[in-house]
Amino acid sequence: MSHPRACRTDAGLRPDPARVIARLYLPGEELPQAPSRVAAVVDRVLALDEAEINRLAKRLRAEFSCRHRDYEALIARHASVVSTHVGDAALSPARQLVLGATFTAEYAVEGAALCNPSAVPHPDQSGVADGQLRVAVSLRGIGEGHVSTIGFCDAVVGPGASWTFEDRPLPAVAGVSAPSYWRREHLHAVLADQRKIGGLISAVLGALPAQFHAVDLEQALQDAHPDLLTGPGGRGAAELMRAVVHSTYEVQFPGDVGIAQQVLMPGAPEERNGVEDARFTRFLDDNGAVEYRATYTAYDGRRITPRLLTSPDLRSFRAHRLAGPAARNKGMALFPRAVGGRQLALCRSDGERTSLTSSADGLVWEKPRSLQAPGASWELLQVGNCGPPIETDRGWLVLTHGVGPMRTYAIGALLLDLDEPARVIGRLVTPLLEPGPQETEGYVPNVVYSCGGLVHDGLLWIPYGIGDARISVAWTPLAELLDHLTSVR
């Protein structure tokens, strides 16, 4: 039997530098321990004469209102951040606009690259023709400073070997973020991962309700015994708990903003240098309820942290920390349903092998069990998954990646038993997809990489990043791939 190979399509996406977000910018505060220049800048804005202010405000409205949703409201929020430096001065609407714009900077979410897509059935299937499926594709945008964000686009698949990316409308819109809640047992697991369960933390955990918010943590700290707060390690333990609890958040997008306009920006300190490689799946629970879930990697400039996004509709999201022995590295990927009463995930906690882990709640993941170790010539450095397993009638199909000489990435596949996913029943010995002659150059050369494919109308679709710079799509007949996998033991 010949080795299966993926067929490339003409569909593709390239980074769009017009997709910009307006962010608060406080000069002097962007670097640690740097002196703030906010007060001096405010004074310079207040010193401008009214004619110059009116001219500048008119230009700002003309140039930027079309680039940002509710531009003037956004700018007003930024002006309010520095309002304490204004004093009793009464500002005209034009001066208020100039003040806010002075403390605003545009950030191009795809200014450097666009890569690492994953695909799930879109929550809105209205208007598609027979044989078609609308797909929501998550995207990793990389901007200034190599900071990553999560964006989206829509595509239509079928009938047959057809994939069409729909237009991505502007402006891009960042969601509104707010603190979210915790479960006490989950916080305990996260702190235990860091071996930080001491006197103060034990006392605070015991005082917290089963489900709590940051205000409950502050109350428990206030009520803790003073000797625990002032004793050795007390202040550090309190700050650690605050940092961990504040790392969870919720994001809402306005109802008039399309999914393809949405951008999930870093929203926690552990994400300050980016949110990377979201692997989305459409999760079906035992009661038949559907929830979109994605594991992703947070990066703070020094450490990586596995995290979880959940959403009922891809419009509101909740971001949370993962815990347990398996939540140690990049590349976790969730199964789309429970198996044997347990939630399952693929992981690479040791950095080089594909492993399987389980969880009772989807947040705390147990010690992993190895499924696949590097061995073939195209995976000498490491192996891992390329997204969540796909359920077929013959097993769980897992797209994999291998890293070989010259740090070349290629995509392969595994087949796991449906009822016992710890048992590998098939494996490709050659890549399904590897960098072609026109795919070796990019932001990171010699890479083809996916964060999740899907099956439609008998075809396995693989959206993939090229050189961590742009995106294309490939497909292969599902039956032929499964025939090959089940013939190779």
Side-chain angles (χ1 to χ4, degrees), residues 177-251 266-272 275 283 285 291 293-300 302-311 316-329 332 334 338 341-345 347 349 357-368:
S177 183
S180 189
Y181 64 88
W182 276 81
R183 284 185 20 239
R184 183 180 58 226
E185 292 79 4
H186 182 202
L187 177 60
H188 183 280
V190 170
L191 296 172
D193 276 353
Q194 302 184 47
R195 298 179 174 86
K196 295 296 185 180
I197 306 296
L200 177 62
I201 289 179
S202 293
V204 170
L205 287 171
L208 289 171
Q211 182 171 299
F212 68 94
H213 289 77
V215 292
D216 301 307
L217 173 66
E218 292 303 323
Q219 187 62 54
L221 285 168
Q222 181 178 328
D223 294 341
H225 195 286
D227 289 348
L228 293 175
L229 290 165
T230 60
R235 179 174 297 178
E239 291 308 310
L240 173 63
M241 284 187 285
R242 288 188 175 106
V244 171
V245 167
H246 283 284
S247 73
T248 186
Y249 58 92
E250 298 177 2
V251 179
E270 61 196 39
E271 299 174 351
R272 64 172 60 91
V275 288
F283 187 86
D285 72 16
E291 181 177 64
R293 298 183 180 182
T295 51
Y296 69 101
T297 301
Y299 181 51
D300 68 0
R302 294 184 300 160
R303 295 175 298 269
I304 58 173
T305 305
R307 288 175 59 89
L308 176 70
L309 279 174
T310 59
S311 174
S316 60
F317 298 84
R318 183 167 176 261
H320 227 317
R321 176 85 72 93
L322 295 175
R328 294 283 191 272
N329 212 313
M332 291 188 73
L334 306 173
R342 302 282 291 176
Q343 296 186 43
L344 302 180
C347 63
S349 54
T357 180
S358 68
S359 172
D361 60 4
L363 295 171
V364 183
W365 293 91
E366 297 176 354
K367 183 178 179 179

Quick one: does [X]'s side chain have a donor or acceptor within less than 3.5 Å of a partner on [Y]'s backbone?
X: Ser311; Y: Ser316; value: yes
X: Asp193; Y: Gly324; value: yes
X: Thr357; Y: Glu366; value: yes
X: Thr295; Y: Leu308; value: no
X: Ser359; Y: Val364; value: yes

So how far is it from [X] [atom1] to [Y] [atom2], rounded to the nearest 0.5 Å?
X: Leu205; Y: Met241; atom1: CG; atom2: CE; value: 7.0 Å
X: Glu271; Y: Asp300; atom1: CD; atom2: CG; value: 10.0 Å
X: His188; Y: Ile201; atom1: NE2; atom2: CD1; value: 9.5 Å
X: His225; Y: Thr230; atom1: NE2; atom2: OG1; value: 9.0 Å
X: Leu322; Y: Tyr296; atom1: CG; atom2: OH; value: 8.5 Å

Identify the two heavy atoms, one from [X] and one from [Y], that lie closest to each other, and give their separation to 0.1 Å.
X: Ser349; Y: Pro325; answer: CB-O, 4.1 Å
X: Gln343; Y: Trp365; answer: O-CZ3, 3.5 Å
X: Leu200; Y: Gly234; answer: CD2-O, 3.3 Å
X: Ala345; Y: Leu334; answer: CB-CD2, 3.9 Å
X: Leu221; Y: Ala238; answer: CD2-CB, 4.0 Å
X: Leu228; Y: Ala203; answer: CD1-CB, 3.8 Å

Inset, instruction - Just jot down the side-chain hydrogen bond (donor to acceptor under 3.5 Å, both in side chains) partners of His186, sequence neighbours excluded, or say none. - result: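 With sequence neighbours excluded, His186 shows a side-chain hydrogen bond (donor to acceptor under 3.5 Å, both in side chains) to no residue whatsoever.
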Inset, instruction - Check step by step if side chain to side chain contact (heavy atoms under 4.5 Å, CB included) holds for Arg183 and Asp361. - result: CA-CA 11 Å; Arg183 284 185 20 239; Asp361 60 4; 3.3 Å; yes
Inset, instruction - Scan side-chain atoms only and decide if Ser180 and Glu250 contain a donor-acceptor pair under the 3.5 Å cut-off. - result: yes
Legend entry - Residues, nucleotides or ligands: over 12 heavy atoms within 6.0 Å of Arg242 CZ: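 Correct, the count exceeds 12.
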Inset, instruction - Please say whether more than 12 non-hydrogen atoms of neighbouring residues, nucleotides or ligands are located less than 6.0 Å from NE2 in His246. - result: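 It does: His246 NE2 has more than 12 such atoms within range.
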Legend entry - salt bridge (charged side-chain N to carboxylate O under 4.0 Å, His left out) partner of Glu270, chosen from Arg302, Arg303, Arg307: Arg307
Inset, instruction - Run the numbers on Trp182 and Val190 for side chain to side chain contact (heavy atoms under 4.5 Å, CB included), then give the verdict. - result: CA-CA 11 Å; Trp182 276 81; Val190 170; 4.1 Å; yes
Inset, instruction - Using a 4.5 Å cut-off on heavy atoms from C-beta on, say whether the side chain of Leu208 contacts that of Leu187. - result: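 In contact.
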Inset, instruction - Decide yes or no for Val245 and Phe212: does some side-chain heavy atom of the first lie under 4.5 Å from some side-chain heavy atom of the second? - result: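 The answer is yes, as the side chains (C-beta and beyond) meet within the 4.5 Å cut-off.
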Legend entry - Verdict with supporting geometry, Asp285 and Glu291, side chain to side chain contact (heavy atoms under 4.5 Å, CB included): CA-CA 8 Å; Asp285 72 16; Glu291 181 177 64; over 6 Å; no
